[in-house]
Amino acid sequence: MAQNLSEQELQRREKLDRLRALGVEPYPAAEFKVDCSAEDILKNYESNKTLYKAVSFAGRIMRRRMQGKAAFVEMQDVSARIQVYFNRDEICPGDDKTMYNEVFKKLIDTGDIIGVKGYVFTTQVGEITIHANEFVLLTKSVKPLPQPKVDAEGKEYDSFTDPEQRYRQRYVDLNVNPEIRETFVQRTQLVNTMRSYLSEKGYLEVETPILQPIYGGAAARPFKTHHNTLDMTLYLRIANELYLKKLIVGGFDGVFEFAKDFRNEGMSRFHNPEFTQMELYVAYKDYNWMMDMVEEMVEKIALVLHGDTKVQVGENEINFARPWKRYTMFEAIEEYTGIDISEMNESQLRSTAEKLNVPVDATMGKGKLIDEIFGEKCEGLLIQPTFITDYPVEMSPLAKKHREKEGLVERFECICNGKEICNAYSELNDPIDQRKRFEEQLELGKRGDDEAMVLDEDFLRSIEYGMPPTAGLGIGIDRLAMIMTNSSSIQDVLFFPQMKPEKRGPELGENEKLIYEIVKKECKIELGLLKAQVDLSNKKWDKAIKGLANQGLTKVNKTDQGLFIELVG
RNA sequence: GAUCUGGUAGCUCAGUUGGUAGAGCAUCUCCCUUUUAAGGAGAGGGUCCAGGGUUCGAGCCCCUGCCAGAUCACCA
C-alpha cells in the first residue's frame, strides 16, 4: 500500500530529484573525515585559537536562520550543538552561485546531515561559530524533525514531549532532546563501573542460557516458547541463579553475569517484560560479606557518575555513603507498625495483617504474610539505602537457614527510594534441605501460588556433589539506573521500552473488509453481483467501495460487459 | 486486570448550545551579508485515533474498540 505522505514529506522527496539534477548525490558513499567535535571547539577554541584555523566537522542541521546572502545554521553532533556561518560568496567564489542559492538555501533542510570545512571564529554577538568555506550533503532527511526552541528566559516552545512518540521513536527523541542521551551514557557508566569493580576482584564474567527447559531461580511467571527441531518447550529465563551456582559447584570461586531476564507479568513504571539484572556468586563468603560489598560497589557507582555519594532523586536526596542502615525484617516492621510479629504463628499473622489493612488471601503462607506486611507498611517508606535482613524461610527457598534464628534465612534486600534494588543470600548448599524446600514450593503451587518455584533435578544433582558456602546477589540494573539518573519511569532508562504495536495507517472497516475478502477471492467481480452478495444499505455500500478505492486496494473498471471491481497490485 | 485523563496540520496546542476546522512554530514563494525562540510580505498544508449510532447537520453528544500516560493491583 502506498505511504500517505504529508506535504512536507513530498516536498523533500522532490528535492532528492532536484539535487541529483544538479549533480548533488543526497546519499553519498564516500567517507567524510571529521577532525573535531562541537564540544571540543566550544571548550577549547578560546584558549588556543590557532588549532582551529582549518576544521572539518559533520552533524545534523537542527535550525537554520537565513539572512539573504548569509545564513546561520545550528548543527548538532554527538557532543553538542554549534553554530555554522555560511556566506554566499565564500561557498561560491566564482560567478556560479548555484551551490548557495539553490542547493544550500532551497534544497537543504533542517534534519539533513552535512559536513562542513572552514575555520572557527567568534561572531559580533560573541558566539563561537564555524565559518564554512565549503559544505557537502551527507544525508538528506525526508521526514521533518520537530523543532523545539528555547527563548532567553529558558521557556520552551514546541518541545517534543509526548511519551508515546518519545518511546516509539527514540531516534527522534535522542536528536530533539539531546539531554536524554546523558541518561543512557550514565546507564552504561553504571554497568561499566560495576563490571570493572567485579573483574578487578578477580570474578569471572560468564554467559548462561536464556532459553531454559526449566525456569528457576526466582518466583515469577515465564514466557514460554518452542524449539522446533528438539520439539520441546523452552522458557525465557526469569533468572540465571541456578546456572551460576552450578558454575560455583564446577570450581569457579566468583562468577557474575549481566543478564537480560524475562517475566511475563504486569507492566508499570517499574516493570518492563524484559529487564537487566546483575547476578554475582562468590564462594566462601556469606551474606554479611555481601552487604559490605554492595555498599562499597554502589557507593563507588554514585561517585563515578556524580562525583558525590549524594544523588537527587525526585524530592529526595539519597546518600549512598557507607555504612547503610541495617534492619532485620522484624525490626523494620516493628519500627513502622509498632507491632512485634517475630513470635506469631500463621493465624496471628493473618489477623495482624487484616488489622493493618494489608490485603491477604487463603493461598498465603506464613512467609508470604510477613512479606506482605513488610511490603505494604515499610518498603515505600525506606528512602535512604537500607538493608533488610533475615527473611522468613517460606519465601526464600534458595537461601540458607539462619545460623542462629529459627524459621529465618540468611537473606537481605537493599531498599532504596522505596523500592527493592537488590536481593542476596547465603546460598543454600545443603542438598537434602534444598530438595525439601523445593517440595514445599510444590505444595504452595498446589495451594494456588502461581509463582511457586519448580523443582530442578539437575540443580539438585549439582549441589549433591558439593557447593562451597557461597554468597549470592541479584541487583536490578534498571532500578539502580532509575535512581542514579533521577528517572521516574523504567521507560526512561530503556532505549526501547516494550510497547504495543502502533497501527500502520487506518484499518479496514467491517464492511470494507467484507467486500475486500470477496474481491480477493474472485480477483475480479461484477459490481451488481458483488452488491447482491454483501447485502449492505446503499449508503454503507457506497462508503465501503469508495473507501477501498481511496486506500488503493481496489479499482472499478467500466467495460462493454459492465462495471467490474478488481484488486490493485 | 481496574479507575481516571488524553488522541485535532510535521511539532506544541485552541476549538463556544451541535452549524463552512483555527493559532504559533515548521513548510513553500519573494526581499534581506555577523543573527540569537520570534526580520518583512504572501501562500499552501487536515482520514479531527477507528467503527457504529443520534441528528437536517457531529471534532463536539451516545455506544464499541484501538493506542498512550497517570494511579492502583501483581511483580523486580
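The basis for the numbers below is simple: all heavy atoms, side chains too, and nothing from hydrogens, waters or symmetry mates.
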Checklist entry - Taking atom types as modelled and ignoring hydrogens, do the side chains of A/Gln277 and A/Arg237 form a donor-acceptor contact shorter than 3.5 angstrom? => result no
Item to check | Distance in angstrom units between A/Glu274 CD and B/A76 P, rounded | outcome: 18 Å
Item to check | Counter-base of B/C48, judged by Watson-Crick or G-U geometry with both distances under 3.5 Å | outcome: none
Checklist entry - With rounding to whole Å, what would you report as the distance between B/A9 and B/A23 at their C1' atoms? => result 11 Å
Checklist entry - Side-chain donor-acceptor pair under 3.5 Å between A/Ser79 and A/Glu39, yes or no? => result no
Checklist outcome for this item: Of B/A76, B/U35, B/G69, the nucleotide closest to the side chain of A/Arg65 is B/U35
Checklist entry - Looking across every strand, which nucleic acid part, if any, lies under 4.0 Å from A/Asp109 by heavy atom: base, sugar-phosphate, or nothing? => result sugar-phosphate
Checklist entry - Do the ring planes of A/His131 and A/Phe121 sit parallel (below 30°), tilted (30 to 60°) or perpendicular (above 60°)? => result perpendicular
Next on the checklist: What is the distance, to the nearest angstrom, from the CD atom on A/Gln67 to the P atom on B/G40?
Outcome noted: 12 Å
Checklist entry - How far, in whole Å, is B/G57 from B/U17 if one measures between their C1' atoms? => result 14 Å
Checklist entry - Please walk me through it: do A/Lys368 and A/Asp371 pass salt bridge (charged side-chain N to carboxylate O under 4.0 Å, His left out)? => result CA-CA 5 Å; A/Lys368 189 90 179 161; A/Asp371 190 43; 5.3 Å; no
Item to check | Carboxylate-amine/guanidinium proximity below 4.0 Å for A/Asp109 and A/Lys140 | outcome: yes
Checklist entry - Heavy atoms under 4.0 Å, any strand shown: does A/Gly266 hit a base, just sugar-phosphate, or nothing? => result base
Item to check | Side-chain N or O of A/Lys15 closer than 4.0 Å to phosphate OP1/OP2 of B/C28 | outcome: yes
Checklist entry - Heavy atoms under 4.0 Å, any strand shown: does A/Tyr167 hit a base, just sugar-phosphate, or nothing? => result sugar-phosphate
Checklist entry - Can you check whether A/Ile214 reaches A/Leu242 side chain to side chain, under 4.5 Å on heavy atoms? => result no
Next on the checklist: Quick check for you: among B/U34, B/C32, B/U36, whose closest atom lies nearest to any side-chain atom of A/Lys105?
Outcome noted: B/C32
Checklist entry - Parallel, tilted or perpendicular: which fits the ring planes of A/Tyr52 and A/Tyr45, with parallel below 30° and perpendicular above 60°? => result perpendicular
Item to check | Side-chain ion pair, A/Glu102 and A/Lys105, N-O less than 4.0 Å | outcome: no
Checklist entry - Side chains of A/Gln8 and A/Ser6: do they bring a donor and an acceptor to under 3.5 Å? => result no
Checklist entry - A/Arg81 CZ to B/U36 P: how many Å, rounded? => result 17 Å
Checklist entry - Which base, if any, makes a Watson-Crick or G-U wobble pair with B/G24, both distances under 3.5 Å? => result B/C11
Checklist entry - How would you label the contact of A/Gln491 with the nucleic acid (heavy atoms, under 4.0 Å): base, sugar-phosphate, or nothing? => result sugar-phosphate
Checklist entry - Can you check side chain to side chain donor-acceptor pair (under 3.5 Å) on A/Asn87 and A/Tyr100, steps first, answer last? => result CA-CA 8 Å; A/Asn87 180 302; A/Tyr100 184 85; over 6 Å; no
Checklist entry - Quantified in whole Å, what is the C1' atom distance between nucleotide B/C63 and nucleotide B/U54? => result 11 Å
Checklist entry - How many Å lie between CG on A/Asn101 and P on B/C32, as a whole number? => result 10 Å
Item to check | Sequence-aligned protein contact record of nucleotides 6-15 of chain B, with B where the base is within under 4.0 Å of a protein heavy atom and S where only the sugar-phosphate is | outcome: ----BBS---
Checklist outcome for this item: Sorted by position of nearest nucleotide on RNA chain B, 5' first, the leading residue of A/Met499 and A/Glu376 is A/Met499
Checklist entry - When we call it a touch if two heavy atoms are under 4.0 Å apart, what does A/Arg12 touch: a base, just sugar-phosphate, or nothing? => result nothing
Checklist entry - Contact class for A/Asn272 vs. all strands (heavy atom < 4.0 Å): base, sugar-phosphate, or nothing? => result base
Checklist outcome for this item: Rounded to whole Å, NZ of A/Lys419 lies from P of B/C74 at a distance of 10 Å
Checklist entry - Contact class for A/Val125 vs. all strands (heavy atom < 4.0 Å): base, sugar-phosphate, or nothing? => result base
Item to check | Nearest-Å distance once atom C1' is located in both B/G42 and B/C48 | outcome: 27 Å
Checklist entry - Rounded to whole angstrom units, what separation is found between the CE atom of A/Met66 and the C1' atom of B/U34? => result 14 Å
Checklist entry - To the nearest angstrom, how far is A/Leu398 atom CG from B/A76 atom P? => result 13 Å
Item to check | Listed nucleotide nearest any side-chain atom of A/Glu127, set B/U35, B/A76, B/A73 | outcome: B/U35
Next on the checklist: Roughly how many Å apart are B/A73 and B/G19, using the P atom of each and rounding to a whole number?
Outcome noted: 43 Å
Checklist outcome for this item: Of B/U27, B/C67, B/U33, the nucleotide closest to the side chain of A/Lys500 is B/C67
Checklist outcome for this item: Of the candidates B/G69, B/C74, B/U35, the side chain of A/Thr129 sits closest to B/U35
Checklist entry - Are any of the side-chain nitrogens in A/Arg18 or A/Glu14 under 4.0 Å away from the carboxylate oxygens of its partner? => result no
Next on the checklist: So, does A/Arg269 get its side chain near the phosphate of B/U71, meaning an N or O under 4.0 Å from OP1 or OP2?
Outcome noted: yes
Checklist entry - Starting at CD of A/Gln169 and ending at P of B/A68, how long is that distance when rounded to a whole Å? => result 14 Å
Checklist outcome for this item: Considering only heavy side-chain atoms of A/Gln83, the closest of B/U35, B/A70, B/U33 is B/U35
Next on the checklist: Which nucleotide, if any, forms a Watson-Crick or G-U wobble pair with B/C61, using both distances under 3.5 Å?
Outcome noted: B/G53
Item to check | Opposite nucleotide pairing with B/A2, Watson-Crick or G-U, both atom distances under 3.5 Å | outcome: B/U71
Checklist entry - Across all strands, who's sitting opposite B/U29 as a Watson-Crick or G-U wobble pair, both distances under 3.5 Å? => result B/A41
Checklist entry - If you measure from the C1' atom in B/G53 to the same atom in B/G69, how many Å do you get, rounded? => result 29 Å
Checklist entry - Mind checking the C1' distance from B/U5 to B/C49? Whole angstroms is fine. => result 16 Å
Checklist entry - Under 4.0 Å between a side-chain N or O of A/Lys106 and OP1 or OP2 of B/C30? => result yes
Next on the checklist: Categorize A/Met267 for me: base, sugar-phosphate, or nothing, with a 4.0 angstrom heavy-atom threshold over every strand shown.
Outcome noted: base
Item to check | Inter-nucleotide C1' distance (B/A21, B/C13), Å rounded | outcome: 14 Å
Checklist entry - Relative to the 5' end of RNA chain B, which residue comes earlier, A/Ser488 or A/Ala218, by the nucleotide with the nearest heavy atom? => result A/Ser488
